[in-house]
Amino acid sequence: ADSSPQELTHFLGNLLGIAHVSAADGKLFLTSLGAWKVPFVPVEDGQFRSLGNKESPEPIATLALLTPKESGRFLAMASGTRTMKQIPSWRAWLQIGLTAFVLLSMASIVFYAPFWLVAGLRKKRRRPAERAIRVWPLAAVLSLLAIVAIFIWLPDDVSTLGHLTVWSGGICLATVAFALSAIASAVALWRSRGQAVRPGVHRYSTVVTVALLIAAAYLAWWGVIGVRTWA
């Protein structure tokens, strides 16, 4: 079957789909990315309708508390098109914290990249041992940006991902390049021990390398690294 961009980005739902549900005054309040304490009033049999839009509140139930199972407690929204499972608060905050850590680390790599390149052109500031621990993190982030660019320029006919094309092949190669660059960054950092590397550069490189390895492990867990959409 042909793969769609939504299926390829399904792993994002585990991060961006985190929501907090609370109860007060006979109502449920849902807080998620882009929505703050959206109120839901009970209808019947554990079903609730949204009052998020005050001018035009939902006329029918759009949220339902499902019967608890051995695997946990679940909540369904929008006629079953989205199902959420209750998880411990510490796990939710850990996911949010790690996601923020990884995103901020990657953003910092892009921000500092121009300064790295300019500094490398100055003879007095050339340090061979620092070169690798700067280049590999940048290569990893550029690989991710390449994937984003592919999805932006992807033709409207998403069936191109169901065959080996420049688009599907590019996604596969870019994900592999990201994972290899993250590993190479860790290897370069380990090899830099005892060499002429400034403490601040070493600490920063350690932080961003850890972030890249976390991202690579997460993507590998979801089967994104080396994904072959045409298979």
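Residue K27 holds its NZ atom at 6.0 Å from CG of L51, rounded to the nearest 0.5 Å. A distance of 7.5 Å separates CG in L28 from CG in L75, rounded to the nearest 0.5 Å. For the atom pair CG (L30) and CE (M84), the distance works out to 5.0 Å, reported to the nearest 0.5 Å.
By the side chain to side chain donor-acceptor pair (under 3.5 Å) test, T165 is found to be paired with S168, residues two or more places apart in sequence or in another chain being considered. Remark: R73 engages P68, Q86 in a side-chain contact (heavy atoms from CB on, under 4.5 Å) (not counting sequence neighbours). Applying the side-chain contact (heavy atoms from CB on, under 4.5 Å) criterion to A188, with sequence neighbours excluded, gives A132, I133, W136. Checked against side-chain contact (heavy atoms from CB on, under 4.5 Å), W190 has the following partners two or more places apart in sequence or in another chain: R193. Residues passing the ring-ring contact (aromatic ring centres under 6.0 Å, His included) test with Y204, sequence neighbours excluded: Y112. Legend: residues meeting side chain to side chain donor-acceptor pair (under 3.5 Å) with R91, ordered by chain and number and at least two apart, are Q95. By the side chain to side chain donor-acceptor pair (under 3.5 Å) test, W222 is found to be paired with Y218, residues two or more places apart in sequence or in another chain being considered. By the side-chain contact (heavy atoms from CB on, under 4.5 Å) test, W221 is found to be paired with no residue, residues two or more places apart in sequence or in another chain being considered.
Using a 4.5 Å cut-off between side-chain heavy atoms of Ile, Leu, Val, Met, Phe, Trp and Tyr, I183 falls into a hydrophobic cluster with V187.
Between L161 and L154 there is a side-chain heavy-atom pair separated by less than 4.5 Å. You'll find the side chain of T175 stays beyond 4.5 Å of the side chain of L219, heavy atoms only. For the pair V110 and M106, the minimum side-chain heavy-atom distance is 4.5 Å or more. Using a 4.5 Å heavy-atom cutoff, the side chains of I171 and R228 are not in contact.
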What verdict does the side chain to side chain contact (heavy atoms under 4.5 Å, CB included) test give for L63 and R49, after you've listed the backbone C-alpha separation in whole Å, the side-chain angles of each residue and the deciding distance to 0.1 Å?
CA-CA 6 Å; L63 182 151; R49 65 185 181 91; over 6 Å; no
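Follow the hydrophobic side-chain contacts under 4.5 Å out from I150 and you never reach L180; the two are in separate clusters. If you chain together hydrophobic residues whose side chains sit under 4.5 Å apart, I18 and F101 never meet in one group. The hydrophobic cluster containing V148 also contains V227, counting ILVMFWY residues as joined when their side-chain heavy atoms lie under 4.5 angstrom apart, directly or transitively. Grouping the Ile, Leu, Val, Met, Phe, Trp and Tyr side chains by contacts below 4.5 angstrom, directly or via other members, places V141 apart from L104. Note on L142 and F178: same hydrophobic cluster, where clusters join Ile, Leu, Val, Met, Phe, Trp and Tyr whose side-chain heavy atoms are under 4.5 Å apart, directly or indirectly.
Across every non-hydrogen atom of A139 and S181, the tightest pair is CB-OG, 3.8 Å. Contact record, W230 with H163: CB-C, 3.4 Å, taken as the closest heavy-atom pair.
Counting only residues at least two apart or on different chains, no side chain to side chain donor-acceptor pair (under 3.5 Å) pair has a member in residues 140-153. Within the structure, no pair that satisfies the ring pair (Phe, Tyr, Trp, His ring centres under 6.0 Å) test touches residues 12-46, not counting sequence neighbours.
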Which pairs of donor and acceptor atoms, one on a side chain in residues 205-216, lie under 3.5 Å apart (sequence neighbours left out)?
| residue | atom | partner | partner atom | Å |
| --- | --- | --- | --- | --- |
| S205 | OG | V201 | O | 2.8 |
| T206 | OG1 | H202 | O | 2.8 |
| T209 | OG1 | S185 | OG | 2.8 |
| T209 | OG1 | S205 | O | 2.7 |

